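Worksheet for the structure shown next.
Both counts, for ligands and for their atoms, begin at 1 and track the order of listing. What you see is a predicted model; the values in this text were computed from it and never measured. This chain uses plain numbering: 1 for the first residue, then up along the sequence.
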Amino acid sequence: MDATTAIPTDLPAAAAVARRDAAVRAAVAQGVVGERAPVAALLDVVGIRRSAAALRSAFAEVTAAPVLHAFAVKAAPLVPVLRLLRKSGIGAEAASPGELALARAAGVKPSHTVLDSPAKTPAELRQALALGIAVNADNPQELARLDTLTRSAPTRSAIGLRVNPQTGAGSIGALSTATATSKFGVGLRDTGAREWIVRAFLDRPWLTRLHTHSGSQGVPLDLLAEGVRQVYELAEEINHLAGRRQIDTIDIGGGLPVNFDSDSETPTFSTYARLLQRTVPGLLDGRYALVTEFGRSLLAKHGTIVARVEYTKAAGNRRIAITHAGAQVAARTVYAPESWPLRIAAYDTEGRPKTGGAVAQDVAGPACFAGDLLAENRPLPLLEPGDIAAALDTGAYYFAHHYAYNSLARPGIHGFASGTDGQVRFATIRSPQTVEEIVAESGGEHLRTLDVL
Ligand SMILES: *Cc1c(COP(=O)(O)O)cnc(C)c1O
């Protein structure tokens, strides 16, 4: 945010909190969460629409060039959400056959879809080229495969090459895509790599895009912008040597980090767009079309996991609330709590924000291993049986990524919005998994299959 525009309070954040509180209250009243559904996930439809609009206007303010914002499907692989985003002018970035199928089921047009997986099979490539979906090749072998495929069948697909600017790691190793040894793309600083990339483009007139995705949560903004700058410089060099504008589109990836510490949505898309304007002005002067691939920053703040507190107790002087949300809905937080701390909000049995002095307590999940904790020693109003513990900012990479430990059911996911009468309405995005489905998916349909061996 501009230092000069001092805003007294964060009004959008306050509005988002009010929507969330109303939704939790209504979820309890309407039985969306309760004894029969002890854990559920809520998505704020108004918030998602606002983020989509904020992303589009942030880039429209810094460039007149065409920009395709392709949502990274892996952040929320849910068909109704992809459709909601599509209706808000956002396309899809897919990285597997499943994600591509979800985008197609949501009606995302091929021309608004980008395929990025590092391990695309020949069949996947053929399908993408037949549909006219943009493809970013990850490595020289994939490019060789594309040589053969494009020779055997003409395609409308735009084809690009992913480059790793090797600008360095952020604070979370597993999410740092631009280290020297990252598995993604062609490492730009490796010996001979730059020359190889330039030659690859000059030899292939149909190769018209450069792609980078140089970060995710934990990568500072200026490192992201520096990665984009390096790829822009490379595009300029290639076009100069080609003597024409062979590269017409630069795909800058996603990776805008999310603030998990409070309700304020920082950094904003606008902050990042203006940083790009300062760091890489040439990128935005209209000569290049752009593709972005944001995931977490579009969805994270709009999701809430609500879980009933089943029991409370104390052990070794530590208070513990046993809830129905643990590793199955928040695997990253449970296994890597240092990197992925989540805020927890306490609501009472009727879904009203709990007041009262903070007491340090563990917020535990239902899974049978000791580390299944959403929060450890966290000061919160004392949770009691029947209360609701809410894990905030979980709209991306959390409940949609179920972890099937202990055969715990996938919770239902519900979109919410208030009607003109002020009442909160819910719509099912994903049905809760039933135990019958768990049995069937766990080989139930092959009951006797081992008898014959
Ligand atoms: C995961 C991923 C994204 C989205 O990253 P976020 O941090 O969720 O914005 C975009 N592009 C590629 C290639 C990715 O792998």
Side-chain angles (χ1 to χ4, degrees), residues 48 51-52 54-55 58-59 67-78 81-82 85 90-96 98-100 102-103 112-120 124 128 133-139 142 160-165 169-179 182-186 209-221 223-225 227-228 231 249-260 265-269 271-273 276 290-303 332 339-340 393-398 400-401:
I48 295 172
S51 284
L55 171 58
F59 278 81
V67 185
L68 168 66
H69 297 291
F71 173 67
V73 173
K74 73 170 182 285
L78 299 163
V81 171
L82 301 179
L85 289 169
I90 309 284
E93 185 262 354
S96 73
E99 289 181 1
L100 182 54
L102 297 181
H112 291 172
T113 307
V114 180
L115 183 66
D116 273 348
S117 145
K120 306 175 204 78
E124 279 174 73
I133 287 167
V135 174
N136 287 314
D138 179 81
N139 58 65
E142 188 179 355
L161 178 69
R162 179 164 181 172
V163 167
N164 170 9
S171 62
I172 305 175
L175 267 70
S176 295
T177 49
T179 61
S182 159
K183 75 171 184 180
F184 294 111
V186 179
R209 292 186 172 189
L210 273 173
H211 172 221
T212 188
H213 169 64
S214 64
S216 261
Q217 191 66 21
V219 176
L221 241 50
L223 209 56
L224 281 181
V228 173
V231 170
T249 303
I250 298 182
D251 181 338
I252 65 170
L256 190 69
V258 163
N259 162 28
F260 284 94
E265 286 193 45
T266 51
T268 63
F269 291 118
T271 301
Y272 184 45
L276 288 174
L290 294 181
V291 177
T292 75
E293 303 171 344
F294 296 102
R296 182 176 291 105
S297 49
L298 273 166
L299 259 290
K301 301 303 275 186
H302 309 308
R332 279 184 170 161
S339 297
W340 298 102
D393 310 324
T394 48
Y397 302 101
Y398 276 92
H401 292 183

Below the 3.5 angstrom mark, is there an N/O of G255, backbone or side chain, next to an N/O of ligand 1? yes

Given side chain to side chain contact (heavy atoms under 4.5 Å, CB included), test V135 with K120 step by step and report yes or no. CA-CA 10 Å; V135 174; K120 306 175 204 78; 4.0 Å; yes

Show me which atoms of ligand 1 lie under 4.0 Å from any heavy atom of R162. 13 (C)

Proximity of S216 to ligand 1 by residue part, where a heavy atom lies under 4.0 Å: both

May I ask you to check if R332 and Y397 form a cation-pi contact, with NZ or CZ under 6.0 angstrom from the six-membered ring centre and within 45° of the axis? yes

Under 4.0 Å to a heavy atom of D116 - the qualifying atoms of ligand 1, by number: 13 (C)

Under 4.0 Å, heavy-atom basis, I'd like to know which part of H213 is in contact with ligand 1: side chain, backbone, both or neither. side chain

Between E293 and ligand 1, is there a nitrogen or oxygen pair with a distance under 3.5 Å? yes

With a cutoff of 4.0 Å, is Y397 in contact with ligand 1, counting heavy atoms of the residue only? yes

Within the structure provided, determine whether Y272 and P267 are in side-chain contact (heavy-atom separation under 4.5 Å). no

L102 vs L82 side-chain heavy atoms within contact, under 4.5 Å: yes

Close side-chain approach of F184 and R162, heavy atoms under 4.5 Å: yes

Sub-4.5 Å side-chain heavy-atom contact between H302 and E265: yes

Does the N or O separation between H211 and ligand 1 drop below 3.5 Å for any pair? no

Within 4.0 Å of some non-hydrogen atom of R296, the atoms of ligand 1 are 6 (P), 7 (O), 8 (O), 9 (O)

In the protein, what heavy atom is nearest to atom 14 (C) of ligand 1, and what distance, to one decimal place, separates them? K74 NZ, 2.9 Å

Based purely on interatomic distance, does G295 place a nitrogen or oxygen under 3.5 Å from a nitrogen or oxygen of ligand 1? yes

Ligand-side contact atoms (ligand 1) for residue partner F294, heavy atom cut-off under 4.0 Å: 9 (O)

Does a donor on one side chain sit under 3.5 Å from an acceptor on the other, for E93 and H213? no

Value rounded to 0.5 Å, distance of CG in L161 from OG1 in T212: 10.5 Å

Which of the atoms in ligand 1, numbered in the order shown and given with their element, are less than 4.0 Å from a heavy-atom of A72? 3 (C), 4 (C)

Would you say the rings of F59 and H69 are close, in the sense that their centroids are separated by under 6.0 Å? yes

